Amino acid sequence: MTVITDALCPFCGCMCDDITVAVENNKITEVKHACKIGAAKIMGHHRIKAPMMRTDKKGDFKEVSYDEAIEAAAKILADSKRPLMYGWASAFCEVHKKGIFLAEEVGAIIDNTATVCHGPSTLAVHEKGLPSATLGQVKNRADVVVFWGSNPVHAHPRHMGRYSVFAKGFFNEKGRKGRKVIVVDVRKTETAGMADEYIQVEQGSDYLIISALRAILAGQAAVVPDSVGGVTKEQLVKLVDTLKAAKFGAIFFGMGLTQSMSRYKNIDNAISLTTELNSFTKFVITPMRGHYNVTGFGQVCAWETGYATAVDFARGAPYYNPGETAANDVLTRKETDAAMIIAGDAGAHFPADSVRHLARIPVVQIDPYWNPTTEVANVVIPVAICGVEVEGTAYRMDGVSLRYRKLVEPEHPTDIEILEKITERVRKIRGD
Amino acid sequence: MTLKVNLITGRTINQGVTIENKTSSDYQEATACCELNSKEAGLLGKPGSNIKVKTKHGEVVVKLKENNGNPDGLAFIPMGPWANAVVDPDTKGCGMPGFKGIPAQIDATSEKVLLMKELIARYK
Amino acid sequence: MELLIKNGAVFDPKNGIAGDKTDISIKDGKIVDKVSTKASVIDAGGRLVMPGGVDAHSHIAGAKVNVGRIMRPEDTRSGIKPRTKLTRPCTGYTVPNVYAMGYRYAQMGYTTVFEAAQAIMKARHTHEELEEIPIIDKGALTLFGSNWPTMDFVREKDMDKLAAYVAWGLLASRGFGVKVVNPGGGEMWGYGKNVSGLDDVVPNFDVTPRDIIISLMKVNEMLGLPHSLHLHCNNLGKPGNYRTTLATLELAKQVKPSKDRQVMHVTHIAFNAMGGTNWMDFESKADEIANFLNNSENITTDMGQVIFGSATSMTADGPWQYTLSKLVHGKWSNGDVELEDASGVVPVTYYRQAISHAAMWASGLELALLTKDPYKVLLTTDHPNGGPFVNYSEVIALLMSSKKRQEEIKTLPPVFNERTKLPGINRELDFNEIAIMTRAGSSKVLGLLETKGHLGAGADGDVAIYDIKPDQIDPSVEHVKIKSAFSSAAYTIKGGEVVVKDGQITATPMGRTFWVDASVPGEHTEVMMKDIRNKFKNYYSIGLANYMVQDAYLTHPKVVKAGVVPVEVS
Amino acid sequence: MQTVTIKPKKEIKISVEAENISPDKFAGKSEKDIQSLEAYLGNHKTTLGELFSIKVEGRGAAADTKIVMEGNFSRVKRIGEGMSAGLIMIKGNVDMHLGTKMSGGKITLSGNADSWAGREMKGGELIIEGSAGYYLGAGYRGETCGMRGGKITVMGSALDFLGEHMCGGEIIVKGNAGILAGISNNGGKIVIEGNTSRPGSEMAKGTIIINGAVAEMMPVFKLEGTEAVDGVTYKKYTGDVIVGGKGVLYVK
């Protein structure tokens with residue numbers, strides 16, 4: 001039996017790096033320190049065994065060789081006038097580089113799962129920047145922590161323990177007792193249940209409430225009505241006082257802001273609130289990124305193309321405009337004529353309209369697991385699992401990159417090998 | 001009776017635990033459900049009974065579940081294919097579909113909850 | 001592979017060649033005395049030949065740069081160039097993508113560029129980007145000035161431990177040298193505060209910026225690092241800060257260099273030579289800095305020249321970036337790194353009509369023109385803080401032509417003449433001096449003069465040929481030609497390979513990443529690591545086992561050995 | 001006078017980028033020259049002539065060039081981009097970025113325009129007889145200024161983020177507008193005849209007049225009393241107080 005320590009968890013944006021894994025005969029037998037979700041991901045379960053293909057989406061798949069599947073995938077992409085290459089969150093930065101190169105090669109739109117997650121946060125960063133910090137700053141210093149529209153108990157189970165609530169640090173030896181925890185949400189989540197203060201807002205009202213807080217902070221409380229978005233002015237004034245009294249405050253926000261009415265403008269507003277709080281004390285804001293390497297795609301895409309996501313290579317040079325070039329934009333407009341879905345599950349996580357269009361066009365799936373995307377795919381190429389069977393780089397929610405270890409030997413080829421071969425085939429087909 | 005609600009979707013821990021195992025009954029159990037507070041759930045049936053959620057964008061049958069964190073008029077379906085059968089596809093000019101804040105109607109139903117494969121088959 | 005460059009008007013200051021017709025021979029990537037008759041030949045035809053350009057201070061890779069890209073799609077959409085069969089797509093002006101970074105430097109005749117700041121904890125990211133920048137050789141300076149271990153060991157006055165930490169930090173970050181930014185200020189910014197000068201005490205750590213600077217200078221020399229301490233002074237950007245800068249420069253006198261180079265490199269002086277008390281009575285005091293430099297040894301600087309137009313300010317000086325964002329009412333990103341440093345990114349525009357901007361523009365030029373020895377002032381724009389590096393040709397033209405400067409001054413507010421000495425400066429630099437400020441000087445400052453910045457045998461085969469015939473041009477009058485020639489090399493040769501011809505990329509080899517492996521006595525490391533392990537156990541949010549940059553991130557490493565104990569050559 | 005008539009040859013499903021459809025690009029050109037102008041169908045490089053039937057009558061400078069477009073252009077983007085003079089008359093619907101960055105001339109559209117019509121417009125006139133999508137007269141991602149000059153009239157309604165980052169010019173929407181009209185605006189004038197919600201957030205300068213109902217007011221405006229504008233009495237608000245409060249919001 002081999003015991004691997006300091007392993008990284010390949011589930012969420014916390015990227016816990018203190019996991020211990022026991023391996024026997026190339027099988028993971030035990031996972032320690034991980035949360036329930038992380039342990040499930042690392043332990044794994046049944047996989048797609050071999051590549052599969054079908055021409056009729058209503059028909060059954062037929063097992064094929066990797067070469068056949070790769071050839072078919074290359075042909076689909078090479079023949080397409082508006083290919084979409086989507087996913088990437090469960091794969092490493094090294095995979096993203098190969099993907100971006102292939103997207104350039106075939107003139108595709110490349111987009112990642114941020115588009116249904118924190119894509120709006122990136123749009124907000126374009127407007128206001130992002131005053132943030134690494135999670136260790138929060139652990140060592142924060143005495144006021146706000147979770148706004150985020151529910152770490154469910155989505156980031158060890159966040160509170162490792163970084164934000166219970167964690168002890170240099171300037172906070174008491175951990176939980178040294179912190180005031182505020183939760184702002186539309187329903188009393190388990191996270192809200194653990195807070196010192198829970199502020200329940202009317203769904204979709206976040207934008208109004210943040211503006212009211214900013215007005216109060218700016219000394220303009222007089223213009224704020226008695227109640228905003230279901231919160232009394234008194235509560236808002238008290239909240240501003242609490243935030244101002246912090247020595248180091250941190251806001252962690254989630255889908256409650258990115259997906260509600262006003263979309264990215266909610267975050268734009270929250271970033272401004274954070275910036276303005278810095279006139280009084282130290283405040284930072286951090287998106288609770290979902291998949292472990294959804295942040296990494298944004299980083300790689302930014303240094304390779306200048307833009308963090310939703311890049312359209314149709315004309316050989318990067319063009320970027322979510323609302324026009326994001327995955328659901330082109331799917332719901334029925335523009336896309338072929339798609340490659342890799343390390344992400346559009347079939348499960350896109351609105352029915354988008355999945356309906358995927359069901360109409362040729363779809364290549366590259367993934368270890370059978371999921372709703374498989375159901376609408378024509379070519380399915382199983383791969384090794386990044387972070388369990390492959391080593392490589394990912395970015396934590398705060399932009400810290402770490403290298404994942406290989407825990408067991410893979411039985412399938414890696415995403416990189418598949419993408420390199422598809423690229424090679426595409427070049428042959430196009431006569432380059 | 002028909003319950004009019006504001007529908008939101010989002011993560012849950014069991015949705016996370018089963019996310020890489022979407023052909024399983026565990027995944028269906030974790031995501032093909034709709035949470036209401038017990039007062040409103042009581043208007044539709046017992047926890048575990050089938051309900052049909054209808055929006056402008058589609059309809060889906062899921063299991064009724066209680067969550068007393070929800071205020072009146074707020075329904076929650078964990079993210080996944082069942083939720084996505086009824087969410088708003090409009091990306092509002094910024095790439096993000098409407099996963100939260102969708103006006104919906106909920107009724108008790110005797111129709112069955114579709115399996116993941118059956119649900120997606122509807123789109124083909 | 002052999003290459004012969006014939007009939008060039010060669011400027012090679014290190015070897016005392018100033019415009020002489022000299023043939024340059026390259027074999028297997030290195031300059032040699034002679035090549036065989038099989039060598040391919042480039043006939044320079046009397047055109048200007050210099051060593052490949054070397055930039056000792058530029059922000060080309062890593063977390064801050066990428067934050068700049070992500071927050072500035074409006075910048076990315078300028079400078080768009082589609083892919084070709086040979087090149088990847090290019091984007092951006094102030095924050096170019098990795099490909100544009102490499103191609104554009106090469107197109108200017110530059111072959112070596114150093115990233116000016118990386119926090120150890122985010123060094124992996126820096127190297128991921130460096131790995132993707134084509135053509136040029138590169139390296140990155142590592143931040144130490146507000147690191148908790150640094151401050152702890154400075155307080156304990158334990159220079160052995162500090163040296164061991166610096167050596168270990170360079171290894172952990174695969175860094176090339178010691179960067180210090182607003183020492184102590186990074187820690188203070190953890191609670192939204194700052195230091196106001198050399199003698200403020202950093203709470204909880206009980207050290208002053210003065211202590212930090214002197215101690216790091218000392219261990220830098222104890223370790224015999226190729227480069228000296230590389231310092232971004234306290235109070236950057238604040239009117240009246242030239243006094244802090246002068247007081248900081250004084251500190252260099254307390255330490256002797258371990259080799260033939262400075263002990264302190266003070267960077268982007270344009271932002272640290274400010275007189276006045278506020279933005280209204282703001283004036284340039286670069287003349288005082290130049291005067292100091294003219295009367296002291298062992299200190300070098302770079303211009304940090306301001307370019308009018310769009311820029312992106314990015315620095316580990318977190319508190320300054322917040323102040324700046326309030327001044328310009330602009331977007332602001334902040335990036336504190338636990339236990340290590342701060343950072344911030346703010347887009348700015350330099351306006352001719354803003355007297356403070358005009359005076360800052362003047363100070364870089366004043367510094368270069370009033371300092372007698374060009375080895376003491378390197379040409380930089382502190383890319384992209386003063387402006388993007390693609391404007392180096394503009395700076396060269398300004399330095400070579402008093403006429404051009406006077407033309408520019410005419411476009412500035414009348415009060416300009418009272419706020420700077422520039423209008424009265426007639427000095428015009430020659431090609432030799434430009435070659436020093438962009439090649440020999442920067443290589444010497446970096447401690448790489450053996451293989452970089454000259455064309456003698458043993459040097460890297462990095463050469464630039466510009467479309468200027470030095471004996472047929474008067475740069476003072478023909479400054480437009482000077483600018484145009486330096487912006488687009490006729491040839492750039494990297495490691496003996498032609499990578500640019502007539503301003504176009506012809507090949508895209510991968511350059512190397514320089515980093516310094518400094519050894520210290522094992523017992524010093526052991527003692528130091530006790531502290532480090534404690535910090536990881538209690539304060540870092542990641543484990544020590546996952547901290548150090550792995551070999552996988554340096555596919556083309558160039559290790560430079562240093563250290564306090566004799567090093568065995570393998 | 002030069003008249004260019006454009007009709008789609010067949011149904012277009014994948015978006016076409018046709019920034020070359022502009023009086024500036026057509027002026028003085030022959031039918032053949034115009035037909036050979038570049039266009040992109042997705043990633044497929046093609047020509048205007050491949051996609052559209054193009055007829056040219058007469059010759060003229062941009063200011064004397066009229067482009068008449070008939071048919072369904074709902075997947076044709078960037079029509080009239082950067083145009084400085086002349087006229088484009090469109091009978092049908094168009095895709096995104098109609099009249100983006102235009103500085104002069106006039107575009108009339110009988111149908112609907114998708115998002116970003118009049119983006120970063122500097123001058124000229126854009127008349128949309130149908131409805132407009134998101135970001136009418138707005139800016140590009142990350143820029144501080146959207147529309148700087150010119151006039152946009154929409155007879156129907158417009159969706160969210162109308163006039164975002166507007167720095168000058170005028171937008172009139174006869175129908176309803178979506179949420180956050182005039183957000184972060186720093187000049188210019190917006191008139192909404194119908195209903196809207198959350199107007200004027202982060203507005204530093206400029207004027208917004210709303211004749212319909214405001215579903216939700218931003219809690220950042222100061223009521224200054226009533227004031228008559230062109231004979232109509234409005235409640236006058238100033239704001240957004242967070243950013244200095246020099247914007248004016250008139251609500252009926």
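Note: hydrogens, waters and symmetry copies are ignored here, and every other heavy atom, side chains too, is used. Chain letters run A, B, ... following the sequence lines, proteins first, then strands; residues in each count from 1. Bear in mind the structure is a predicted one, so any value in this text is a computation, not a measurement.
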- prompt: Does K139(A) make a cation-pi contact with Y539(C), if we ask for NZ or CZ under 6.0 Å from the ring centre and within 45° of the axis?
  reply: no
- request: Report yes or no: does R162(A) contribute a side-chain atom to a donor-acceptor pair with the main-chain N or O of S541(C) at less than 3.5 Å?
  value: yes
field: C93(A), part contacting chain C, at a heavy-atom distance under 4.5 Å
entry: side chain
message: Between D6(A) and A545(C) (side chain of the first, backbone of the second, donor and acceptor by atom type, cut-off under 3.5 Å), is there such a pair?
response: no
message: Does this structure show an ion pair linking R88(C) with E105(A), if we count only N-O contacts that are shorter than 4.0 Å?
response: no
Donor-acceptor under 3.5 Å (Y322(C) side chain, S279(A) main chain): yes
- request: Kindly indicate whether the side chain of R77(C), heavy atoms from C-beta on, has any atom under 4.5 Å from the side chain of Y320(A).
  value: no
task: Give a yes or no on whether a salt bridge exists between K97(A) and E132(C), defined as a side-chain N under 4.0 angstrom from a carboxylate O.
output: yes
field: K122(C) side chain vs S401(A) backbone, donor-acceptor pair below 3.5 Å
entry: no
message: Are there residues of residues 60-75 of chain C whose heavy atoms fall under 4.5 Å of chain A's heavy atoms? If so, which?
response: N66(C), R69(C), I70(C), M71(C), P73(C)
Heavy-atom contact with chain C under 4.5 Å, split by part of F170(A): both
- line: Whatever's closer than 4.5 Å to a heavy atom in chain C on R405(A) counts as side chain
- request: Would you confirm whether T91(C), through its side chain, and T305(A), through its main-chain N or O, come within 3.5 Å as a donor-acceptor pair?
  value: yes
query: Sequence neighbours excluded, which residues qualify as salt bridge (Lys or Arg N to Asp or Glu O under 4.0 Å) partners of K282(A)?
result: D336(C)
